[in-house]
Amino acid sequence: MIGTTVADSERAAALASRRPGLSATAGVHPHEAKDWSTETVERLRALLALPGVVAVGEAGLDYHYNHSPRAAQRRAFEAQLTLAAELGKPVVVHAREADDDVAAFLRDARATVVLHSFSSGPKVFEAGLAAAAYFSFSGMITFKSWTATDLLTACPPNRLLVETDAPYLAPVPHRGRRNEPAFVRDVAIALANARGAAFDDIVQQTTANAQRVFGPGLAAALSPAQQLS
């Protein structure tokens, strides 16, 4: 469960503490970066100390909507990368139409990075590879408009992740419906087809990668019954 503000990060953390099998992140989305403050840092730090909160984020840069000034976005992103490195947590990164700046931040990042719902261009992909980032692909890879099949095949197997970005970006054959976590299976099928791999192999690889990057908090929560198969 992805946090996008301090308030909804707190709600996600509370739900993760009550429901087995759930985990959360805590962070500030670039849309909300205009509200970043020193109080934000301390509230996130407290949340990230909880066992069910496995990562910082969703942090990053969004130059498409610019709901927050770009300078504010960069300030909040840099602060969250620093916090993640300090706490030894991965950071879930949102990147949209900000490839130059995102790539620059990746080159300097000391935290483990998860490039969420990855759809950026070659510059971010190469910077992500150099930073040993994880590439998380969403339902977009099932769309007719998806043309970056080369990225799906070029990504190292130990850096692959799948996600839904629910409630948005429902994969084929669920287009037009509210997305939900169960549809991650369709993303994994598309990834397996693109890579010429067996579905079960993709399930095992992406599950192992998720457990590695998000640590024991996720590994304990993710029982075999909750995996993609």
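Note that the structure is a prediction, hence the values are computed from the model and not measured.
Proximity of a side-chain donor or acceptor of S117 to a complementary backbone N or O of D165 within less than 3.5 Å is not detected. Under the 3.5 Å distance criterion, the side-chain polar atoms of S23 are left unmatched by any main-chain donor or acceptor of G52. Put simply, the side chain of R18 never gets that close to the backbone of A13: no donor and acceptor are under 3.5 Å apart. Looking at S9, its side chain does come within 3.5 Å of a backbone N or O of G27 through a donor-acceptor pair.
Within the 4.5 Å cutoff, the side chain of V91 has no heavy atoms near those of the T112 side chain. Two residues are said to be in side-chain contact when any heavy atoms from C-beta on lie closer than 4.5 Å; L169 and T164 fail this criterion. The shortest side-chain heavy-atom distance between Q73 and H31 does not fall under the 4.5 Å cut-off. Considering only heavy atoms from C-beta on, S68 stays 4.5 Å or farther from H29 through its side chain. Residues E10 and L47 have side chains in contact (heavy-atom distance under 4.5 Å, counting atoms from C-beta outward). For the pair V172/D186, no side-chain contact is recorded, criterion being any heavy-atom separation below 4.5 Å from C-beta on. Side-chain contact between L115 and F125 is absent, with no heavy atoms from C-beta onward closer than 4.5 Å. Taking 4.5 Å as the limit, some side-chain heavy atom of P90 sits within range of a side-chain heavy atom of F214.
Relative ring orientation between F137 and W146 is described as perpendicular, the plane-to-plane angle rising above 60° on a 0-90° scale split at 30° and 60°. Taking the six-membered ring for Trp and thresholds of 30 and 60 degrees, Y65 and H67 have nearly parallel ring planes, at less than 30 degrees apart.
Minimum heavy-atom separation, A194 to L152: CB-CD1, 3.6 Å. Between V203 and T207, the shortest heavy-atom distance links the atoms O-OG1, 2.7 Å. Of all heavy-atom pairs between T4 and E32, the closest is O-CG, 3.7 Å. Between S138 and V187, the shortest heavy-atom contact is O-CG1, 3.6 Å. Scanning all heavy atoms of the two residues, the minimum distance from L106 to A131 falls at O-CB, 3.7 Å. In terms of heavy atoms, W36 sits closest to A79 at CZ2-CB, 3.4 Å.
To the nearest 0.5 angstrom, N193 atom CG is 9.5 Å from I202 atom CD1. Once rounded to the nearest 0.5 Å, the distance linking NE2 of H116 with CD1 of I2 reads 7.0 Å. Within the model, atoms CD of E39 and CD of E42 stand 9.5 Å from one another, a figure rounded to the nearest 0.5 Å. Atom OG1 in T206 sits 12.5 Å away from atom CG in N158 (nearest 0.5 Å). Between atom CG of residue L83 and atom NZ of residue K89 there is a gap of 10.0 Å, rounded to the nearest 0.5 Å. Here the CG-OG1 distance, from L48 to T25, works out to 8.5 Å after rounding to the nearest 0.5 Å.
With 3.5 Å as the limit, one finds a donor-acceptor pair spanning the side chains of S136 and E163. With hydrogens and angles left out, the side-chain atoms of H94 and D62 include a donor and acceptor closer than 3.5 Å. No hydrogens or angles considered: a donor-acceptor pair under 3.5 Å links the side chains of Q205 and N209.
Both V41 and L87 belong to a single network of hydrophobic side chains, linked directly or stepwise wherever heavy atoms of I, L, V, M, F, W or Y lie under 4.5 Å apart. When the side chains of ILVMFWY residues are joined at heavy-atom separations under 4.5 Å, either directly or via intervening members, V124 and L129 end up in a single hydrophobic cluster. L160 and M140 fall within the same hydrophobic cluster, defined by Ile, Leu, Val, Met, Phe, Trp and Tyr side-chain heavy atoms under 4.5 Å apart, directly or through other members.
Residues E86 and R110 are not paired through a salt bridge, judged by the lack of any N-O separation under 4.0 Å between the basic side chain and the carboxylate.
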(request) With side-chain contact (heavy atoms from CB on, under 4.5 Å) as the test, would you mind laying out the steps for V6 and L44 before giving the verdict? (result) CA-CA 7 Å; V6 172; L44 291 179; 4.2 Å; yes
(request) Let me see the working for F118 and L151 under side-chain contact (heavy atoms from CB on, under 4.5 Å), right down to the final yes or no. (result) CA-CA 10 Å; F118 187 79; L151 300 183; 3.6 Å; yes
(message) Before you tell me yes or no, could you show the steps for N179 and H174 under side-chain hydrogen bond (donor to acceptor under 3.5 Å, both in side chains), namely the whole-Å CA-CA distance, both residues' side-chain angles and the distance that decides it to 0.1 Å?
(response) CA-CA 8 Å; N179 203 359; H174 310 286; over 6 Å; no
(request) Go through the steps to decide whether D35 and V28 satisfy the test side-chain contact (heavy atoms from CB on, under 4.5 Å), and finish with yes or no. (result) CA-CA 9 Å; D35 298 322; V28 174; over 6 Å; no
(message) Between M1 and L22, is the side-chain contact (heavy atoms from CB on, under 4.5 Å) condition met? List the steps.
(response) CA-CA 7 Å; M1 297 178 294; L22 298 182; 3.9 Å; yes
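Open room surrounds CZ on R19; 12 or fewer heavy atoms of other groups in view lie less than 6.0 Å from it. Sparse packing is recorded around OH of Y168, with 12 or fewer heavy atoms of other residues, nucleotides or ligands lying under 6.0 Å away.
Both the sub-6.0 Å distance and the 45° axial angle are satisfied by R175 relative to the ring of F143. A cation-pi geometry, defined here as NZ or CZ lying under 6.0 Å from the six-membered ring centre and within 45° of its normal, holds between R159 and Y134.
For the salt bridge (Lys or Arg N to Asp or Glu O under 4.0 Å) with D101, the qualifying choice from R107, R74, R96, K123 is R74, the only one to do so.
Listed by chain and residue number, F105 satisfy the ring pair (Phe, Tyr, Trp, His ring centres under 6.0 Å) test with F77 (two or more places apart in sequence, or in another chain).
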